[in-house]
Amino acid sequence: MAKEFKIEEATICPSTAQMLKKAEAEGVKTAFHRAHDMSPCPIGSDAACCKNCSMGPCRLSPKNPYEKVGVCGATYDTIAARNFARMVVAGAAAHTDHGMAMLDLFKEVVEGKITDYKIKDEAKLKYVCEEINIPLYEGEGDNEKPRSTKDLAMELYHTLEKTYTAVEGEIPFSKRVPAKTLEKWRELGVVPRGSMRELMEMMHRTHMGVDQEYQNIMRHATRTALSDGWGGSMVATEISDILYGTPKAIVAGVDMGYLEEDKVNVIVHGHEPNLFESMIDAVNDPKNIEKAKAAGAKGINLLGMCCSGAEVLMRHGIPHAGNFMSTETIIVTGAVDAMAVDVQCIKQALGPLSECYGTKFVTTNPRAHIEGSTIHIQLKEDKPRECVDKIVEMAIDRFKNGRKAKIEIPKNKKLGIHGISHEYVNYMLGGTFRSTYQPLNDNIINGRIRGVAGVVGCTNPRVKHDYVHVELVKELIKNDVLVVQTGCSAISLAKVGLMDPTAKDLCGPGLKEICETVGMPPVLNVGSCVDNSRILIACAEMVKTGGLGDSIADLPVAGAAPEWMSEKAISIGHYFVGSGVYTIFGATFPSIEGTKFHKLLFDGLESEWGLGKWDFAVDPHEMAQKMIAHINKKREQLGIAGKVERKLFDMEDRRQLQA
Ligand code: SF4
Ligand code: MSK
C-alpha cells in the first residue's frame with residue numbers, strides 16, 4: 001500500500017506546512033503531493049539511460065551497469081558522462097543566456113536607446129574595467145584625463161561580449177583566476193573560449209557516435225562549466241551591479257507573513273532583475289497607488305520569490321516570500337493578486353493553481369511562455385512600464401473583483417542582514433580605510449575560522465524541504481565554519497533566523513568571537529544563483545591576499561547543494577569542482593558508485609587532474625562532517641591545522657607559511 005503523504009515529513013517551513021494543510025482542505029495538489037505520488041525513475045536517476053538516438057532509448061541495469069551496452073555499444077561510463085555533460089550544457093546555457101541578455105540591455109542603455117534603466121554604479125563599472133585591464137585614463141603626460149563613462153562602458157561591453165562569442169583564446173574574466181589555477185586549466189586544456197563555442201561543442205560531442213571516452217567528455221564538460229562560472233554567470237552579476245547597484249548590507253525580511261491582506265499583493269518570480277526593477281517603479285508610482293486605493297486597498301505590496309526575489313532582497317531590501325518549494329503554496333494563501341514571472345524554475349503547475357485561486361499569473365519573457373498562464377505580456381526593455389503597469393492593473397482588478405478564495409496568510413516573518421557582495425566583505429572585514437580580505441585570511445590561519453563553506457542551490461520535494469539546508473548550516477557554524485549562501489538555500493536559512501547577528505550563539509567559539517567583533521551573522525547571503533560567481537571571486541581574493549596557498553584548490557573551503565534539483569545546480573557544482581573546490585550534493589546524484597565515471601568525479605578529478613572533487617550524502621550531519629574533514633585536510637596541507645597562537649599574522653609569517 002502506498003505510504004500516506006504527511007505534511008510534517010514534507011517540510012520544516014511553518015508557512016509552507018500551513019498552506020499545504022489549506023491546500024489539502026481545498027482539494028488542491030502541489031509538487032509535494034506529486035513527488036509523493038510519482039516515484040523517480042531509478043534508471044534515469046542513476047544515469048543508466050540513454051535516449052540520444054532512435055536505436056534506443058537504451059537502459060542499462062543500475063545494479064549491474066557493465067552487464068550490457070547500448071545498441072551502438074556505448075558503455076555505462078560513456079552514457080553517464082554524456083548525460084552529465086548535457087546537464088552542464090543546459091545549466092550553463094541558462095546562466096549564460098541570462099548574462100547575455102543583461103549585456104544586450106547594458107549596450108542599449110549605454111547607447112541611449114533604453115532610458116528606463118541607467119548606469120547606477122560607476123565605481124563598479126571602473127572596478128570591473130580595471131580587473132580586465134581596460135584603461136581608465138586616456139592621453140599621455142599632461143594630457144592624461146579620465147575616460148568618459150560612456151567610452152569605458154562601450155569598451156567593457158565589447159570586451160565582455162567575448163565571454164560569449166570568442167571562437168579562440170581565453171574568456172575575459174580568466175584574468176581574475178589565480179595564476180596557479182589558470183596554469184592547471186591551461187595544462188588540462190580547459191580554459192574556456194566563448195560560451196557559445198563551448199556549449200555547441202559539448203552538444204556535438206555528446207551526439208550519438210562522437211565522443212565516447214568518459215574522461216574526454218568530462219574534460220570538455222569542465223571547460224563548459226567554467227565558461228558559466230567565470231563567464232556567463234559572472235557577467236550577469238557584474239552587469240546587474242553596474243546597472244542596478246552593488247549590494248551592501250541591508251536589513252530585510254523573509255517569509256509569507258509579509259503578504260498583506262488589505263493591500264494589493266504582487267509577486268515577481270524568476271531570475272533576471274529587469275522585470276523586478278521596473279515593477280518597483282510601477283508599484284511606487286503615485287498613479288498606480290491611487291488606483292489601488294480607489295479599489296479599496298491600502299496600497300500595493302511587492303514581494304519576491306526565488307532568484308528574482310534574491311536580487312532585490314540584496315539590492316533594495318524588498319521582502320522575499322519564499323524559495324522554490326513555496327512558489328505554489330503562496331498562491332494557496334489566496335492573497336496573491338498577481339504573480340509575474342520571467343525565466344527559470346517556474347513550475348507549469350502555477351498556471352492551473354493560479355486559476356483555482358483567481359491569481360493573475362503573467363509570463364513576460366519571450367523565451368518563456370507557459371501554457372495555462374493567465375496571459376503573456378512581453379517586457380520590452382525600451383518601454384518596460386507598459387508591461388508592469390498592465391500587471392499592476394490586473395492585480396488591482398483581482399483585489400477588487402477576484403478575491404473569491406478564502407484568504408489565510410501565515411504570520412511568519414523573519415528579519416536578517418542580506419546584501420553581502422564580495423566587495424562588501426572587503427569593507428565589512430577590512431574597514432573603509434583598509435578594504436581587504438586580510439582579516440578573513442588571518443582568522444582562518446589563526447584558527448578562529450576553520451574554513452569557509454558555500455551552501456547553495458534549490459529546494460526539492462524529494463527531501464524534507466529546508467531541513468537539509470538548515471541542519472547542514474547549523475552543524476557547519478557550530479564547527480567554526482563561516483557560511484556563504486546564494487539562491488533558494490539562502491532563503492531557507494534566512495527563514496530560521498540564521499542571517500541575524502544573534503545567530504552567533506549557535507557558532508563555535510572562534511566564529512562567535514568574529515561575529516561579535518564585526519557585528520555580522522555567521523551566515524552571509526551573497527545573492528542569487530548567478531551570484532555564485534561572487535563566491536568564485538571571493539576565493540580568488542583569498543588566494544591573492546596570501547597565506548592560504550597559491551591556488552583555489554589549496555583553500556580550506558567546501559561547497560554544497562544539499563537539496564538541488566535543477567540542471568543549473570550541476571553546472572554550478574561542476575564549475576566549483578573545476579575551480580578546485582570540494583563540492584558535495586544531496587538528494588540524489590547522477591552516477592553509480594563503483595563505476596569508472598563515478599570514480600573520476602569523486603576522486604580522479606582531484607587526485608589525477610589537480611582540481612576539486614564531487615561528493616554525495618543525503619544526511620545533513622554526514623554532509624557537514626565530510627565538508628569539515630575536507631577543510632581540515634586542507635588546513636593540514638597548509639600547515640595551519642594545529643592550534644595556532646591567536647595573533648595577527650604579518651607578512652613574514654605569511655611568507656613562512658608559503659615557503
Ligand atoms: Fe542507445 Fe547508443 Fe542511441 Fe544512446 S546513442 S540511445 S546508447 S544506441
Ligand atoms: S531559483 S535554480 S530553485 S536555487 Fe535560482 Fe532556486 Fe535552484 Fe531555481
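Counting starts at 1 for both ligands and their atoms, following the listed order. One is the number of the first residue; the rest follow in order along the sequence. In what follows, every heavy atom counts, from backbone to side chain, and hydrogens, waters and symmetry copies are set aside.
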Problem set entry | Check: Phe585 main-chain N/O paired with Asp615 side-chain donor or acceptor under 3.5 Å | no

Exercise. Of all heavy-atom pairs between Val526 and Asp531, which one has the smallest distance, and what is that distance?
Worked result: O-CB, 3.5 Å

Problem set entry | Atom indices of ligand 1, in the order listed, that fall short of 4.0 Å to a heavy atom of Met208 | 5 (S)

Seminar exercise, completed: dist Asp228:CG -> Leu199:CG (nearest 0.5 Å) comes out at 8.5 Å

For this session: Taking only heavy atoms of Arg82 into account, list the atoms of ligand 1 that are under 4.0 Å away from them.
Result: 4 (Fe), 5 (S)

Exercise. Which protein residues have a heavy atom closer than 4.0 Å to any atom of ligand 2, listed by chain and number?
Worked result: His271, Cys306, Cys307, Phe324, Cys345, Gly457, Cys458, Cys488, Cys529, Met565, Ser566, Lys568

Problem set entry | ligand 1 atoms in contact with Gly56 (distance to a heavy atom under 4.0 Å) | 6 (S)

Problem set entry | Residue, atom name and distance, where the atom is the protein heavy atom closest to atom 6 (S) of ligand 1 | Cys50 O, 3.4 Å

Exercise. Atoms of ligand 1 less than 4.0 Å from Cys58 heavy atoms?
Worked result: 1 (Fe), 6 (S), 7 (S), 8 (S)

Problem set entry | atom 3 (Fe) of ligand 1 [closest protein heavy-atom partner, distance rounded to 0.1 Å] | Cys53 SG, 2.3 Å

Problem set entry | atom 8 (S) of ligand 1 - nearest protein heavy atom and its distance | Cys72 N, 3.4 Å

Exercise. Under the 6.0 Å and 45° cation-pi test, does Lys347 pair with Phe324?
Worked result: yes

